[in-house]
Novice: 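Mind having a look at this structure? Questions to follow.
What you see is a predicted model, and the numbers here were worked out from it, not measured in a lab.
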Amino acid sequence: MQYTGARILIESLIEQGVDTVFGYPGGSVLFIYDELYKHKDRIRHVLTSHEQHAAHAADGYARSTGKVGVCIATSGPGATNLVTGIATAYMDSVPLVAITGNVPTGLLGKDSFQEVDIAGVTMPITKHNWIVKDVKDLAEVVREAFLVAASGRPGPVLIDIPKDVTAALCEWTPRSQHDPSAAQSPVALARAARLSLRGSRQTDTEEDIRAAAELITQAKRPFIYAGGGVIIAEAAEELRSLVERLKAPAALSLMAKGALPFDHPLNTGMIGMHGSVASNKAIQKADLVIAIGARFSDRVVSKADKFAVDAKVLHLDIDPAEINKNVKSERWIIGDLKKVLGELLQKIPERTENEWNSDVAELKKIVPEAHSRPVALHPKVAIEAVARRLGDEVIVATDVGQHQMWASQFYPLSRPRSFLTSGGLGTMGSGMGLALGAKTANPNRPVVLFTGDGSFRMNCAELATAFMYHLPVLVVIMNNRVLGMVRQWQTLFYDERYAETTLLRPPDFVKLAGAYGLSGYRAENEGQFMEALDKALADIAGGKAAVIEALIDMDEQVLPMVPGGKAIDDMIL
């Protein structure tokens, strides 16, 4: 079948199981958008208000489903607007295929109108990227891109397609009829080399498993530190089985929230800069730390030479680059976590509880007084009220800042792929895209976005997307009229010099919601918040997004907190 490059792209996306793409059109992708229009009964396009949020929406789609997300942008500024979203996905190992148009091949490298070397720009923040200069390569590049994005340690990739390639004609053969000899094409031959980027080598030999099991069995005070890799590997059940087999306390990184039920008796909560007392102190007392799909981020470890100094470390991960990168490991296994944990479980005897469990149980009783500070509207009260009303099927998205930490501390999630947040890059403004992508992918699950007034100003135009596509997302703005997390640092470490962090400025968020055709509600105290929540949930039930502006104290702080450069158990309570 002779198709244009644009038609080949659409057919190849459908071949990969893509049902939705997020994007924004422009001159260099007009042929692609023409084919999207012709085939809108086969593949859905969601028009966002800005390309950055197309990338974030594709990210939210991927995080909430485990499938590869797809976004499209035109050349030049359209392509560069994707960069922050691509970097966000890269830092959190999210499978994403970004497709950009470019100027015709004859104009590449000539500083043409809206020309950017987007492959060069995104090289450090993608697993791989391609410039397709011959339409004959396009279908195979798309197939390769999805393989690379989803394989090993997942991550984003980018396909840059000059406009003349989207117009050129070529024979296209569906994958089911694909010539097996094509596996020897130059693109396919590069597969092994490309997959070595961000994880592909498996070293989970029988000897590795035996040695790891022996190390675990000998431990008196084992502690499990689980990261986002557990969720990516669909290994939450295996994690729970390991926790219960060992009767070992387990802490979750920000990216692992939901991998172990919030109320599980052995769950000590989040670990790190704003982690729980139990998690941060227990890991310092452990004699063995079992790190599973975690990268020992600086936000977890804090001061590396004072982290778990009396413990041996067993590190399980799919990416060999993470081994001994931040913390020295006694032993490690590189491989698919679901498989590795399954094999380990067969070799580890059940452990009985002892004084170690009692010690950790006592640590869990230590909670900062700030969590119950008597104020008109406490973030914990608002978050827990939403949790009671939305049930277990909820997907929680956040922006970045104090509200993000409060949501991670207080929202009682028990399911993987139910907490979507920018962990590695810390991208303010990512939340609305994440929420809309998740709702698009999961129309029957409730989705709530917790955001701050600073973050929401960066993405509020996406209310138009929520309105146009009937995506009933609940938006809760924690409005403290400041850049809360930065102000907290200024309060604690900069003698209260609040340089450019006070946001006593428009808009009126309730009126803004109305301008986008949605309802907005303001709450200054607990009673008003409950009333606003009732009204907002009625809107949601009617198929429309709703906004609640929750006014909170500008001096409310996220505690516990580990100051920079301090040991992880040296916390401000």
Novice: When you look at CD of Glu526, are more than 12 heavy atoms from neighbouring residues, nucleotides or ligands closer to it than 6.0 Å?
Specialist: no
Novice: Would you say the side chain of Pro472 lies within less than 4.5 Å of the side chain of Lys544, judging by non-hydrogen atoms?
Specialist: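 Not touching, per the 4.5 Å side-chain cut-off.
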Novice: Mind running side-chain contact (heavy atoms from CB on, under 4.5 Å) on Val396 and Phe450 for me, showing each step along the way?
Specialist: CA-CA 8 Å; Val396 175; Phe450 290 103; 3.8 Å; yes
Novice: Can a donor-acceptor pair be found between the side chains of Ser279 and Tyr225 at a distance below 3.5 Å?
Specialist: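 Distance-only check fails for Ser279 and Tyr225.
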Novice: How about Lys247: does its NZ atom have over 12 heavy atoms from other parts shown lying under 6.0 Å from it?
Specialist: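 Buried by this count: over 12 neighbours within 6.0 Å.
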Novice: Does the distance from a Lys or Arg side-chain N to an Asp or Glu carboxylate O, for Asp359 and Arg221, drop under 4.0 Å?
Specialist: no
Novice: Using a strict threshold of under 4.0 Å (side-chain N to carboxylate O), is an ion pair present between Arg457 and Asp453?
Specialist: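 Salt bridge present between Asp453 and Arg457.
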Novice: Any ion pair linking Glu237 and Lys338 (charged N to carboxylate O, less than 4.0 Å)?
Specialist: no
Novice: For His264 and Glu244, which I'm curious about, is there any donor-acceptor pair between the side chains at under 3.5 Å?
Specialist: yes
Novice: For Leu559 and Leu573, which heavy atoms make the closest approach, and how far apart are they?
Specialist: CD1-O, 3.7 Å
Novice: Just checking, any donor-acceptor pair under 3.5 angstrom between side chains of Thr421 and Gln404?
Specialist: yes
Novice: Got a salt bridge between Asp555 and Arg487, using NZ or NE/NH1/NH2 to carboxylate O under 4.0 Å?
Specialist: yes
Novice: Check the surroundings of atom CZ in Arg299: do more than 12 heavy atoms from other residues, nucleotides or ligands lie under 6.0 Å from it?
Specialist: no
Novice: Report yes or no: is the cationic atom of Arg522 (NZ for Lys, CZ for Arg) closer than 6.0 Å to the six-membered ring centre of Phe509, at no more than 45° off its axis?
Specialist: no
Novice: Would you kindly say whether Glu393 and Asn442 are connected by a side-chain donor-acceptor distance under 3.5 Å?
Specialist: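 Note: Glu393 and Asn442 side chains miss the donor-acceptor criterion.
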Novice: Taking the side chain as C-beta and beyond, is there a heavy-atom pair between Arg351 and Asn357 under 4.5 Å?
Specialist: yes
Novice: Please check if any side-chain donor atom of Thr427 sits under 3.5 Å from a side-chain acceptor atom of Thr88, or the reverse.
Specialist: yes
Novice: Within the supplied structure, the quantity of interest is the number of heavy atoms (other residues, nucleotides, ligands) at a distance under 6.0 Å from Lys364 NZ; does it exceed 12?
Specialist: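 Buried by this count: over 12 neighbours within 6.0 Å.
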Novice: Does Tyr494 OH have over 12 foreign heavy atoms under 6.0 Å away?
Specialist: no
Novice: Before you tell me yes or no, could you show the steps for Asp569 and Lys306 under salt bridge (Lys or Arg N to Asp or Glu O under 4.0 Å), namely the whole-Å CA-CA distance, both residues' side-chain angles and the distance that decides it to 0.1 Å?
Specialist: CA-CA 9 Å; Asp569 56 344; Lys306 292 186 177 181; over 6 Å; no
Novice: So which atom in Ser372 and which in His378 form the shortest heavy-atom distance, rounded to 0.1 Å?
Specialist: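 Where Ser372 meets His378 most closely, the heavy atoms are N-NE2, 4.3 Å.
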Novice: Does Glu369 CD have over 12 foreign heavy atoms under 6.0 Å away?
Specialist: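 No - once you tally the heavy atoms of other residues, nucleotides and ligands closer than 6.0 Å, there are 12 at most.
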Novice: Under the criterion side-chain contact (heavy atoms from CB on, under 4.5 Å), I'd like the reasoning laid out for Leu518 against Leu463: C-alpha separation, chi angles, the key distance, then a yes or no.
Specialist: CA-CA 8 Å; Leu518 304 172; Leu463 289 175; 3.9 Å; yes
Novice: With a 4.0 Å cut-off, would you call Glu343 and Lys347 a salt bridge?
Specialist: no
Novice: I need the minimum non-hydrogen distance between Ala62 and Gly69, along with the two atoms involved.
Specialist: CB-N, 3.7 Å
Novice: Decide yes or no on side-chain contact (heavy atoms from CB on, under 4.5 Å) for Arg153 and Glu322, but give the supporting numbers first.
Specialist: CA-CA 11 Å; Arg153 180 178 181 176; Glu322 294 298 340; 2.8 Å; yes
Novice: Working to the nearest 0.5 angstrom, can you tell me the gap between Thr268 OG1 and Leu252 CG?
Specialist: 7.5 Å
Novice: I'd like to know if the side chain of Gln402 pairs up with that of Glu556 as donor and acceptor (distance under 3.5 Å, no hydrogens or angles considered).
Specialist: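 There is no such pair between these side chains.
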Novice: Sub-3.5 Å donor-acceptor pair from the side chain of Lys257 to the main-chain atoms of Ser408, do we have one?
Specialist: yes
Novice: Would a distance-only check, ignoring hydrogens and angles, find a side-chain to backbone donor-acceptor pair under 3.5 Å from Asp495 to Arg497?
Specialist: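 The answer is no, because no donor-acceptor pair under 3.5 Å joins these two groups.
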Novice: Counting only heavy atoms not in Lys220 (residues, nucleotides, ligands), do more than 12 fall under 6.0 Å from its NZ?
Specialist: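 No - once you tally the heavy atoms of other residues, nucleotides and ligands closer than 6.0 Å, there are 12 at most.
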Novice: Would you say CG of Asn326 has more than 12 non-hydrogen atoms from neighbouring residues, nucleotides or ligands within 6.0 angstrom?
Specialist: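 Yes.
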Novice: Classify the side-chain pair Asn280/Asp570 by whether it contains a donor and acceptor separated by less than 3.5 Å.
Specialist: no
Novice: Please lay out, stage by stage, how Arg63 and Asp59 fare under the test salt bridge (Lys or Arg N to Asp or Glu O under 4.0 Å).
Specialist: CA-CA 6 Å; Arg63 290 187 201 232; Asp59 182 336; 2.4 Å; yes
Novice: Is any side-chain N of the basic residue among Asp208 and Arg210 closer than 4.0 Å to the acidic one's carboxylate O?
Specialist: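 Judged by the 4.0 Å cut-off on N to carboxylate O distance, Asp208 and Arg210 do not form a salt bridge.
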Novice: Salt bridge check, Asp534 against Arg389: does any charged N sit closer than 4.0 Å to a carboxylate O?
Specialist: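 Looking at Arg389 and Asp534, the cut-off is met.
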Novice: Decide if the gap between the ring center of Tyr521 and the ring center of Phe529 is smaller than 6.0 angstrom.
Specialist: no
Novice: Please name the pair of heavy atoms, one in Thr65 and one in Ala441, separated by the smallest distance, quoted to 0.1 Å.
Specialist: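 Nearest pair, atom of Thr65 first, then Ala441: CG2-CB, 3.5 Å.
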Novice: Closest heavy-atom contact between Asp399 and Gly429?
Specialist: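 What the structure gives for the nearest pair is OD1-N, 2.9 Å.
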Novice: Measuring from atom CG of Leu345 to atom CG of Leu246, what distance do you get when rounded to the nearest 0.5 angstrom?
Specialist: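 If we round to the nearest 0.5 Å, Leu345:CG and Leu246:CG are 8.0 Å apart.
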Novice: Quick one: do Glu234 and Arg417 make a salt bridge, cutoff under 4.0 Å?
Specialist: yes
Novice: Closest heavy-atom contact between Ala286 and Ala311?
Specialist: O-CB, 3.2 Å
